[in-house]
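In what follows, a single structure is set out as structure tokens and then discussed.
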Amino acid sequence: MSTNSDAAKGGEIWDAIIIGGGPAGSIAALALAKRGRRVIVLEKAEFPRFHIGESFLPATFDRLKELGLEPALRELPHVPKFGAEFAMGNGGTHLEIEFADGFCPCDETFNIERSLLDTMLLKEAARGGAEIRQPATVKQILSMADGDVRIQTDAGEIRGRYLLDCSGQQTVVGRHLGTRKNADEPHLRKVAYFSQFENVWRPSGRKQGQPLIAMMEEGWFWMIPLNERVTSVGVVLDADVAKSVLQKENLKPDQMLAWGIARCPAVNGRMTQAVGRPMNNVLADFSYRCRPYAGEGYFLIGDAATFMDPIFSTGVSVAVNGAMAVAKYVDDILAGRISAARARKRYISHLEESTGTLFQIIRQYYDHSFRELFLNGTGPLQVHKAVIGVLAGNVFPRPPWKLRWRLRFFDFLVKWNRKKQLVPRRRRFSLLKSDPTPIDPSIPAASGRAIPAVAEIQAGS
Ligand SMILES: Cc1cc2nc3c(=O)[nH]c(=O)nc-3n(C[C@H](O)[C@H](O)[C@H](O)COP(=O)(O)OP(=O)(O)OC[C@H]3O[C@@H](n4cnc5c(N)ncnc54)[C@H](O)[C@@H]3O)c2cc1C
């Protein structure tokens, strides 16, 4: 796809060059175009394309509404989401949360297939006035300075005033600068195994869109209703555990999901009638940071900046909120309302403060004491409302004070509960120690709607 091609001719200097047309890229493009800026998006894949990451926080939906995208979104097959459900893997303890009960001016969001959402967002960016080149691959960064950036694409050189890297896990600028660093905490080294199924049991009515997150010692499962028939099911495991299971059980990576489902009552209890592809897909080692998140001539947005763990479905919110912030900063820089150095400082602080809070709660999630307190559902001084506020994404550009002090208090409670019991103790659940209940993985998908095979996902994501 190429639009507005007249504007692109003749050695054009764009206000912003955007690498990647995922949520970060298309939202940044649309927000800049709406401000009257000349912006070009270079997306290497043909859309629609499969992408993992289909459940969102209210903080995503709110930004899409601000951009006037709610009607276009509601036309696509999606499932409204008002909360989420958390359980121990043995199925014993469940907690249902509603976003409306947290400290967050929001209550609703949605789950949707990314192929549909990303295609719609990119089309809306084009409709808003952005130039979209697709397929177009950025091959090399030639130079980056404030007001003057040059990049090499498979169709020639492009010049602009600012470069917005929205290339997702490809981290084009991070790799160019050598700043991409994998997560240093070993327990954040994870592998995800996932597929799609039909006929998975789900609650009805207002709760039908709430994802189930099932916890175990070795990681966690997700079950996300994507539309009225299809549910995305996946498991995230510690990389070391996954490696040893593969060896001991003589499994192939694409058989891991079935192995895990069979051992997790909270999940397999909902899949007795499920039909789906017998093999799963794999994404490994997806946690990293590319600091600094902005420098001379460039801003990193979404996964191109950082990614840690998708446990609370935060990735697209980080991307979309970052994209809106950068669009404003770039517009302000170009209009002379702010210096580039100050804009960078503010954006870096936006990303550090918001993702810092998210990362803190992600780290805690792997602590059994946190799980006990969290599953308790309520706590003193409305501390649970602060946790729900974070899970709703009320952290951009930084969490409000009423969340911050309660989160510190919650941190204290987590430490205290380790030593002295504050809430009912929950039994730990381990997949490795659990007996398998086989589900039949050999039934083909009812509608033939298979997601692409492993190699395609890794190459395209
Ligand atoms: C297992 C797992 C589960 C997840 N679940 C969720 C979830 O439930 N909710 C959620 O919000 N997030 C989830 N995420 C995270 C989510 O997928 C990402 O955070 C989100 O896609 C980031 O959007 P983005 O626009 O930054 O990057 P992307 O969506 O990856 O878009 C980047 C785009 O850049 C393009 N590109 C790359 N290199 C080039 C190049 N050289 N030239 C041109 N184009 C290029 C790519 O083709 C791609 O289209 C999950 C992630 C994982 C690993």
Side-chain angles (χ1 to χ4, degrees), residues 16-25 28 41-44 53 137-153 158-190 239 283-310 314-323 325-327 329-330 333 339-360 362-363 396-398 458 461:
I17 302 171
I18 298 182
I19 312 175
V41 180
L42 305 156
E43 168 52 60
K44 71 174 184 179
T137 303
V138 174
K139 294 285 187 192
Q140 202 187 345
I141 294 172
L142 301 172
S143 65
M144 291 190 295
D146 285 333
D148 184 14
V149 295
R150 293 191 303 127
I151 58 161
Q152 188 65 41
T153 74
I158 296 186
R159 292 186 64 186
R161 299 165 82 184
Y162 278 89
L163 181 62
L164 276 44
D165 185 3
C166 303
S167 62
Q169 300 236 345
Q170 300 288 315
T171 59
V172 172
V173 170
R175 287 180 201 271
H176 168 75
L177 296 174
T179 53
R180 181 182 161 123
K181 300 269 180 287
N182 281 351
D184 35 15
E185 299 102 311
H187 70 283
L188 289 177
R189 274 185 222 121
K190 306 286 183 201
L283 268 176
D285 206 12
F286 41 71
S287 295
Y288 56 82
R289 290 188 175 98
C290 302
R291 284 175 168 138
Y293 300 133
E296 290 234 350
Y298 75 86
F299 290 85
L300 311 182
I301 312 177
D303 283 11
T306 181
F307 189 74
M308 270 205 148
D309 191 310
T314 48
V316 172
S317 277
V318 172
V320 166
N321 283 274
V326 168
Y329 287 132
V330 169
I333 295 170
S339 71
R342 186 176 288 263
R344 276 197 282 279
K345 205 169 155 203
R346 289 199 183 154
Y347 176 61
I348 289 171
S349 154
H350 162 116
L351 215 47
E352 294 286 4
E353 297 249 15
S354 53
T355 60
T357 305
L358 295 171
F359 291 162
Q360 181 192 336
I362 287 167
R363 270 189 212 100
F396 304 102
R398 77 187 298 220
Q458 285 174 339
S461 59

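The structure presented is a predicted model; accordingly, all values stated were derived computationally and were not measured.
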(message) For Ala323 versus Ala28, what's the shortest heavy-atom pair and its separation?
(response) CB-N, 3.6 Å

(request) Measure the shortest side-chain to side-chain distance between Ile151 and Thr153 over non-hydrogen atoms and say whether it is less than 4.5 angstrom. (result) yes

(request) Please answer whether the main-chain N or O of Tyr288 pairs with a side-chain N or O of Thr306 as donor and acceptor at a distance below 3.5 Å. (result) yes

(message) Ignoring hydrogens, what is the shortest heavy-atom contact between Ala304 and Ser167? Give both atom names and the distance.
(response) CB-N, 3.7 Å

(request) For residues Ile17 and Arg159, report the shortest heavy-atom separation together with the two atoms involved. (result) CD1-C, 3.5 Å

(request) Could you tell me the separation between the CD atom of Glu352 and the OH atom of Tyr293, rounded to the nearest 0.5 Å? (result) 4.5 Å

(request) For residues Gly21 and Glu43, report the shortest heavy-atom separation together with the two atoms involved. (result) N-OE1, 2.6 Å

(request) Look only at the side chain of Tyr162 and the backbone of Ile18, and say whether a donor-acceptor pair between them is shorter than 3.5 Å. (result) no

(message) Quick one: does any side-chain atom of Arg344 pair with a main-chain N or O of Gly295 as donor and acceptor, under 3.5 Å?
(response) yes

(request) Considering non-hydrogen atoms only, spot the tightest contact between Pro292 and Thr179 and give its length. (result) CD-CG2, 4.4 Å

(request) Would you give the length of the straight line joining atom OG1 of Thr357 to atom CZ of Phe396, rounded to the nearest 0.5 angstrom? (result) 9.5 Å

(message) Taking the side chain as everything from C-beta on, heavy atoms only, tell me whether Lys181 gets closer than 4.5 Å to Arg291.
(response) no

(request) With the side chain counted from C-beta on, respond yes when Tyr298 and His176 share a heavy-atom pair under 4.5 Å apart, and no when they do not. (result) no

(request) Keeping the roles fixed (side chain from Glu353, backbone from Arg398), state whether a donor-acceptor pair exists under 3.5 Å. (result) no

(message) Using side-chain heavy atoms (C-beta onward) and a distance below 4.5 Å, is Ile141 in contact with Val149?
(response) no

(message) Testing Thr171, Leu163, Leu300 one by one against Ile19 for a side chain to side chain contact (heavy atoms under 4.5 Å, CB included), which residue passes?
(response) Leu163

(request) Describe, in one word, how the ring planes of Tyr347 and Tyr329 are oriented to each other, choosing from parallel (under 30°), tilted (30 to 60°) and perpendicular (over 60°). (result) perpendicular

(message) On a heavy-atom basis, which atom in Ile301 and which in Ala24 lie closest, and how many Å separate them?
(response) CG2-CB, 3.9 Å

(message) Taking Gly297's backbone N and O only, do any of them form a donor-acceptor pair with Asp146's side chain (distance below 3.5 Å, no angle check)?
(response) yes

(message) Please report the interatomic distance OG1(Thr355) to CD1(Ile362), rounded to the nearest 0.5 Å.
(response) 9.0 Å

(message) Taking the side chain as everything from C-beta on, heavy atoms only, tell me whether Glu296 gets closer than 4.5 Å to Met144.
(response) no

(request) Spell out, as yes or no, whether a donor-acceptor pair under 3.5 Å connects the side chain of Asp165 to the backbone of Val173. (result) yes

(message) What's the separation between atom CG in Leu42 and atom SG in Cys166, rounded to the nearest 0.5 Å?
(response) 11.0 Å

(message) So, taking the atom named OG in Ser339 and the one named CD1 in Ile333, what distance separates them when rounded to the nearest 0.5 Å?
(response) 7.5 Å

(message) Using a 3.5 Å distance criterion without hydrogens, assess whether the side chain of Arg175 forms a donor-acceptor pair with backbone atoms of Gln170.
(response) yes

